[in-house]
Structure formats: C-alpha cells, structure tokens
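Taking it in order: structure first as structure tokens, then the write-up.
Predicted model, so just to flag it, every value in this text is computed and none were measured. A note on names: the letters A, B, ... follow the listed sequences, proteins ahead of strands, and every chain is numbered from 1.
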Amino acid sequence: MTASPSQPSLPEPFLDVPTLLDRSVPQAQVSRVWYFVGGFLLVIMGMAVLASVGMSEGMTQALIPLVLMLLVGGMLVASFLTVQKHRAQGRQIEAIEEFVLLRNWTAAAVAVEQLLLSPPRSTTVRVQALIFLTSVLSRYSRHADAIMVQDYLLENVAMDPSTDNGLRAGRAIAMLREDHLFDADRAIAELRRMGDREGAGVTLVEIYRDVKTGHPAEAVQMFERRLPTLREKLGHRVADAYALAARAYDLLNREDDARQAWRRATMLAPTVELTRRYPEITATANRFGPSAAPVGM
Amino acid sequence: METTATTVPPPTTHPITARTAIARLRRDLALGWFLKVTIAVVLIVAIIGGDETTQTAAFFAVGIAWVALAMGSRRGSQLAAGSSSLIAAGLHEAAEVQLSHAIGKFSLFRSAKLLSIHHLALLRHTQQRFDESAQLSRALLGHRLGPLRALTKSARLMLASASVHLNDLPAAYTAISQLYAQRLSLGEALHLLRTQLDYESRIGAWTHMANGLPVKVQLAELMPTQDAAAVQALLALAARKTGQKEWEEWLCQRVGMLTDVGELTTRMPLLRELWA
C-alpha cells in the first residue's frame, strides 16, 4: 500500500540503528585494473576487425592512439575521483572522532548519521563510524540501541584485540545501564575469557556491577587491588573508577575514604559528567560536592 | 661444516637504516621517472613516425609493461599501507619486515615509496631512534609530496619532536614555526602541544608556557596517559616558575593520580623540583 500524495511522509527517526546498519553495507567493487585490461583487449580486437572489413589504413592509424588515450585518460579520471571520495570520507571520520573527543555530541550524531545513511567507500570507514555511533548512542542514554550496534560489530567484524575488548567493555556497561544484569554477567565472563582478565576495561565494569548490585565490599577490594592498572590504562577516565569507589566506600560508611576518592574523581572529571555516566553515584556526589579547582577550570 | 638445528640462529630482521632507505627512495624515484619518460617517448615516436604494425606493437608492449609494473608496484603500496596499523598495534618487528620489503622493492608509484619512508620514520620515532626519524622526515619533506601533502604535517611533527629529543633546538624551532602556518587536526594539535611545551621548557620560556593554562589542561586530558601526565607536569613547572601556586599544586596532584611520579622524574629530570 502506498501513502497518498496529500499525506505528508513521516520524518525518519534520528539515529535509527536498523536503518543505519542496513543502508551502510558497502557495495561490492570490481578492481579497475580488469576494466582497463578488458578495454585494452577490446580495442585491439576491434581494430583487427575494422582492418579486416576494409577500413582505410590512415583511419586505423588515427583511431588506435585516440582510443587508447581515451582509455588511459578515463582510467586516470576514474582513479582520481575514487581517491578524492576516499579522502573525503577519511576527513569525515576524522571530524567525527574530533567531535566525540571534544564531547560535541550533537555535531557527532549528525555527522555519523550522514555518513552511515549511504554505503561508505570501505568497510574500515563503516566499522569506525559504527564504533563512534555506539559512543553517541550511549551519550544520549540510548543503551539498547548501543547494544544492538555493539552486538552487530562483535558478531560480524574481526577487530584487533584492543578494539574488541573496548567494545565488549562498553557493551557490558550499556547492559548494566539497561538493568540487563544476567546479560552483563555473561558479557563480563566473556571479556575475562577473551584474555582481558586483569584489564582496566573489565575491572571498571566489574566495579560498576558490584556498586550497582549492592556489593560495595567487593567493589572496594577490586578497586584497591587494581588501581595501578586502572591508572595506567584509563588515563583521565580513572576518574570513573574513583567515583565508583567513592560510592562503594559511602555505602560501607567509610566516610573519609569516600570523601577522598570523590575528591580525586572530581579533580580529574566534572561531577556532571560522572553522574551522567553512573546515575547510581548521585547521592555521593550530592553529599560531598566537587573538589576545588583553580579559577578558570 | 655441518650445522644442526641447535646451532643455527633463529631468523632475525635486519633493520633497514635511514641512509639506505633514503638512497633507495632516490634511486626508485629516478628510475620511475626514467621509465615514464621512456614510455612517453616510445608512444610519441610510434604515433608520429611508425606504421600501423609498429604502432600496434608499441601500444601493446607499453600496455603490457605498464600493467605488469603497476600490478607489481601495488604489492609495495599494500605493504606500506598495512605497516601503519602494525606500528599502532605495537608489532614493530612485523612492521619492520613489511617496510623493508616495501622499500627494497621497486615501485612505479611515487606515492607508495614516499609513504613507506613516512611509515619508517614513524616506526623509528616510536622506537625512540630519533636520529633516524629526523633524517627520514627531513628526506621526506625535501620531496614534492603532491597528493600525499597531508604527510608534511606528520613529518614536521616527527621532525620537531625528534629534534627536541636530540637537543637540536634551532631545527625544532623551525619545524614548530612551520606547523603554525598549517591547519592541524585535533590529534596533530595535541602532538604539537606536547612537543612545544618540551621545547619551551628547554629554553626556559615559562611565561609563554603558562599562557592559557585552562585550554592546555583540557587538551592534555585528551592525550594518552603518559603524555597527559608529562604535559600537566610541564605546565605545573611553568606555573611554579611564574608564581601561580594554586595551579602548581592542583596540577601536581593530578599528575600524581595519573602516573608514578618517580618514573616520570627519572624520564624528565627537569621536573624533579616539583616534588623535591
């Protein structure tokens, strides 16, 4: 059934994951070298046929270089255009990465949707764009959609171990945010089985799970044991671990430890960002307030 | 003499030296240019003076030769392109092997050769062989890069950083100044900030370093852990030298949360006074 012309069509939903996954599948491409080889052979055969049916020698002599030059010129133009398109998409991906790093989420969302609404030139570009899409979706608290993209990537794309671990850790956090505790547990077990037993990603997820499920003693134990790894691997995101540890200490009524951990967390990251990532820590945030920073920060 | 499996050493990678790589680049670029000119001359002579048979034979021979050379060169391009992800993944030995093949093999494509040299400079920089990294970056910048002109920024950043490490401060200054004339991506701007602060700390430009502290701190937050810690420690030192006590203490505490201060000061002795 088709919509009547007078009926306005509904706008497509923003960042509709099934549509983006479907429309971004790259089309198969044939190497242009074979077009050139085929064209070259066709020219040779065509000229032989024309000569045999009586075309004048002068005409053949003039045609051969002309056709070959057209063939080579066409190849060069096609290659140039392809390279330009590849470069343009490279710049698009670079821009999206910058938007995500600078937390310019609206611009990142618009750019990633624009890129994925048509098939990118290469699978690598598509995978990168889909990874950025998961960050954008998580920022907009669309965790179920983020899980859908993460599942798709983990099932269909072979990635390097570091990207794979990062994606799995992100998916486990999204599952916890969605209260899919059973799935999250399974995802954590999978992460540990994949070789990231003591890694920063799995540790952060486990601390979050313990805080969320009311096991603060286990969270504190893990935090204290693995702090050097967390610090080394997470950089400024170690603030997340300090914030979750602060909540765990708070739940255990260890007020001084909670205050100190919270002071450290807010020294590295703003309170608003920490409470957005982990709504469970809001009570602790309200209790202690952020640490002092120099004027201008 | 009889050799047994136990006495035969395992296969090792012989790292290609910067000098050899640069010599091969020059040789291949010259040979590539000579080949292209020869092909053009053959075609022109065939078109102007040859009969039908000569023309067909010339075009056929040139076509076959071009396709064969292009297909052979393509392998070199793929090796060069693939090496960057190996370097990023820390697989330096594998990257070394790929780059040795890419540089050792003749390529008709100028861009593949230049890309190989760029990636070798990057590998040497990652391996902290700054002398070779500087030589390769300089050699790359000495060529017309054409469609690869985006590499000039990366090569200049490596040259600036390597020059600072080699204490060749005039060369570092020149490279940094030239980068200010170019539009940089966020990643490149972060790299430049790290290098520039290192350079400024060596010449004692403390006031300049302490300018715009909030923005520099926010940029440092986007860097990998060790770079973020080093940059904030350098900013803390600049704050100390310019009498901004509050900033100094705050930045020192942040650095302490990101890295082992003992290790950092061993790597950068200049910072010792912050934790003395």
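Of the two parts of B/Glu248, neither the backbone nor the side chain holds a non-hydrogen atom closer than 4.5 Å to a non-hydrogen atom of chain A. Heavy atoms closer than 4.5 Å to chain B are found nowhere in A/Leu230, neither backbone nor side chain. If you measure heavy-atom distances from B/Ala220 to chain A, the contacts under 4.5 Å come from the backbone alone. Interface residue B/Thr259: only backbone heavy atoms are found under 4.5 Å from chain A. Only the backbone of A/Ala292 comes within less than 4.5 Å of a heavy atom in chain B; its side chain stays farther off. Within the 4.5 angstrom heavy-atom criterion, only side-chain atoms of A/Glu94, from C-beta onward, approach chain B. At a 4.5 Å heavy-atom cutoff, the contact between A/Arg87 and chain B is made by side-chain atoms alone. Contact of A/Arg263 with chain B is made through the side chain alone, with heavy-atom distances under 4.5 Å.
Residues B/Leu258 and A/Glu232 have side chains not in contact (no heavy-atom distance under 4.5 Å, counting atoms from C-beta outward). Within the 4.5 Å cutoff, the side chain of A/Leu102 has heavy atoms near those of the B/Leu186 side chain. Within the 4.5 Å cutoff, the side chain of B/Thr225 has no heavy atoms near those of the A/Lys233 side chain.
Residue B/Pro214 comes nearest to A/Gly296 through the heavy atom pair CB-O, 3.7 Å, listed as atom of the first residue, atom of the second, then distance. Nearest heavy atom pair, residue A/Ala293 against residue B/Glu246, reads O-OE2, 3.8 Å. Scanning both residues, B/Trp247 and A/Pro294, for their nearest heavy atoms gives CE2-CB, 3.5 Å.
No donor-acceptor distance shorter than 3.5 angstrom exists from the side chain of A/Arg264 to the backbone of B/Met257, with no hydrogens or angles considered.
Annotation: maximal heavy-atom pairing with chain B below 4.5 Å, among A/Val238, A/Asp160, A/Leu268, occurs at A/Leu268.
In this structure, CD in B/Glu221 is found 12.0 Å from CG in A/Leu101, a value given to the nearest 0.5 Å.
Environment of CH2 in B/Trp33: sparse, with no more than 12 heavy atoms of neighbouring residues, nucleotides or ligands closer than 6.0 Å.
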